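Just so it is clear, the values below take in all heavy atoms, side chains as well, and ignore hydrogens, waters and symmetry mates. Residues: numbered from 1 along the sequence shown. Each ligand, and each atom within it, is numbered from 1 in the order the structure gives. All values reported here derive from a predicted model rather than from experimental measurement.
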Amino acid sequence: MNLNPDEYRAVLDHATARSMEWIDSIPSRRVAPFANVDEMKKVFGHPLQHAPMDAVAVVDELATLAGPGLMAMPSGRFFGWVIGGTLPAALGADVLVSSWDQNAAMRYASPATAAIEEVAGEWLVDLLGLPAGSDVGFTTGATMGNWTCLAAARASVLDAVGWDVNTRGLQGAPVVTVIAGAERHASVDLALRYLGLGLPTVVDADAQGRIVASSLAEALEAISGPAIVVLQAGNLHSGAFDPMREAVALAHARGAWVHIDGAFGLWAAASPSLRGQLDGVETADSWATDAHKTLNVPYDCGVAIIARPGVARAALGAQTSYLIKDGEASDPYDVTPEMSRRARGVPVWAALRQLGRSGVVALVDGLVARARELAAGLSALPEVTVLNDVVFTQVSLYFGSDERTRAVTAALIADGAVWMSGSKWQGHDILRISVSNWATDADDVAFAVAAVGRAIASVDSVR
Ligand SMILES: *Cc1c(COP(=O)(O)O)cnc(C)c1O
């Protein structure tokens, strides 16, 4: 018996209607959730019943029960961590990807998704000004994007000294030195841990969190053997970019592979007015970025870009009898850790198609403009200091003391009308803003400044 399309029609119609209830609520809804995890566990946490349940009723129950425990992350008033919203075309494409239910592993098995992802990858490489012909893999996020690139790096630098890590592993292998800046993202350490490379050798960062080139030069001089240097495009707290051209040249002179973690910041390379800050970015060997942050596609979608031909496939590809090749080209599974996966590159294609070249530039420039407006508006409030040079989408705020900063952060989160993240940077408690949502506009900026003003007033009134 084949599937009955009507059963899907009823569920999808219902899911669309319930999705629209959620989307309609976002402009006026407070950003913070109304219920915590324990409350949600009470709602969902009963034993699985014995009898089957109607599919429409399942979707209905899910939408109704989950509502209070959802954070309005797609809201233009959400500024937490580095989390983007969703462009309409990207959301629509993501729904199609689920309906198509393609296993995107093989070109031979799913020609449409393979072609769409290849084109999306070429567009990305072009927009970011990276070397044409680079291998592109779509991963769950930048964590696995970093992992994918560093797996290729590990294989390549070991191969250069005659060690085949694919067959021999790391047991008895020459030591690979990995060098990274003091303010690298935690996911770099995770990726290195998963690769058996341990913690990196850490070099100094400056006041904006950028790697200090002279310290990198010293670190490179002190080592011998295979080496990998990890740079950063977009510091979590300042948005700052490492000095790419100089750092890459130093590393390459020493024969090191250079990887750039540009989870959100690599997108600055697409903007003519921002690209100067990443001068030389294209001279590296690999780059990781996210599409679910700056590009505003739904979760989850990261990107691994590897310039050196064939290296990704040699490190990550599999050869078996049942994985049938369609020509010489690399298959999706050759350049990412997964075999089976959803066609997560398709929403990237849709987002880029909706925006066009000019729209990508406007998206990135708009996020930066909103960040600068927020910094200007917030620094006019009593005893508020903007700690970073606002060169991209991130703004780090200090409220005179660690204690007052923590109190304002707590008051803001309790208020819930907007969401920003508390963090620690360079030894101090801070409140951090990330403007990552395409929908954030001037009204949201004014709304957010007013919300922080309210939080300050409530804290100061009880001091
Ligand atoms: C978010 C982020 C990551 C990790 O990306 P995920 O998509 O969460 O896996 C890595 N590096 C930087 C700089 C980030 O901002």
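At the shortest separation from atom 6 (P) of ligand 1 among protein heavy atoms lies A142 N, 3.4 Å. The closest protein non-hydrogen atom to atom 7 (O) of ligand 1 is D290 OD2, 2.6 Å. Of the protein's heavy atoms, K293 NZ, 2.9 Å lies nearest to atom 15 (O) of ligand 1. Distance from atom 9 (O) of ligand 1 to its nearest protein heavy atom, with residue and atom name: T143 OG1, 2.6 Å.
For the residue pair S271/S273, the side-chain donor-acceptor check at 3.5 Å is satisfied.
Judged by distance alone, with hydrogens and angles left aside, the side-chain atoms of D290 form a donor-acceptor pair with the main-chain N or O of A142 at under 3.5 Å. With R254 contributing its side chain and E221 its backbone, the two residues share no donor-acceptor pair below 3.5 Å.
For ligand 1, the polar-atom distance check finds an N/O of H292 within less than 3.5 Å of one of the ligand's N/O atoms. In terms of N/O distances under 3.5 Å, ligand 1 is approached by D261. Geometrically, ligand 1 and M144 share no nitrogen or oxygen pair separated by less than 3.5 Å.
The contact set between ligand 1 and F264, taken as ligand atoms under 4.0 Å from a residue heavy atom, comprises 15 (O). Ligand 1 places these atoms under 4.0 Å from at least one heavy atom of L236: 15 (O). Near A263, the atoms of ligand 1 lying under 4.0 angstrom from a non-hydrogen atom of the residue are 2 (C), 3 (C), 10 (C), 11 (N), 12 (C), 13 (C), 14 (C), 15 (O). The ligand atoms of ligand 1 that sit less than 4.0 angstrom from a heavy atom of G141 are 7 (O), 9 (O).
Heavy-atom neighbours of K424 NZ from other residues, nucleotides or ligands within 6.0 Å: above the threshold of 12. The number of heavy-atom neighbours closer than 6.0 Å to CZ of R353, taken from other residues, nucleotides and ligands shown, is 12 or below.
Ranked by closest heavy atom to atom 10 (C) of ligand 1, the top entry among G145, A233, S187, G265 is S187.
Shown here for G76 and T440, the closest heavy-atom pair between the two residues is O-OG1, 2.8 Å.
Counting only residues at least two apart or on different chains, the ring-ring contact (aromatic ring centres under 6.0 Å, His included) pairs with a member in residues 277-313 are H292-Y299.
Rounded to the nearest 0.5 Å, atoms OG (S436) and CG (L295) are 12.0 Å apart.
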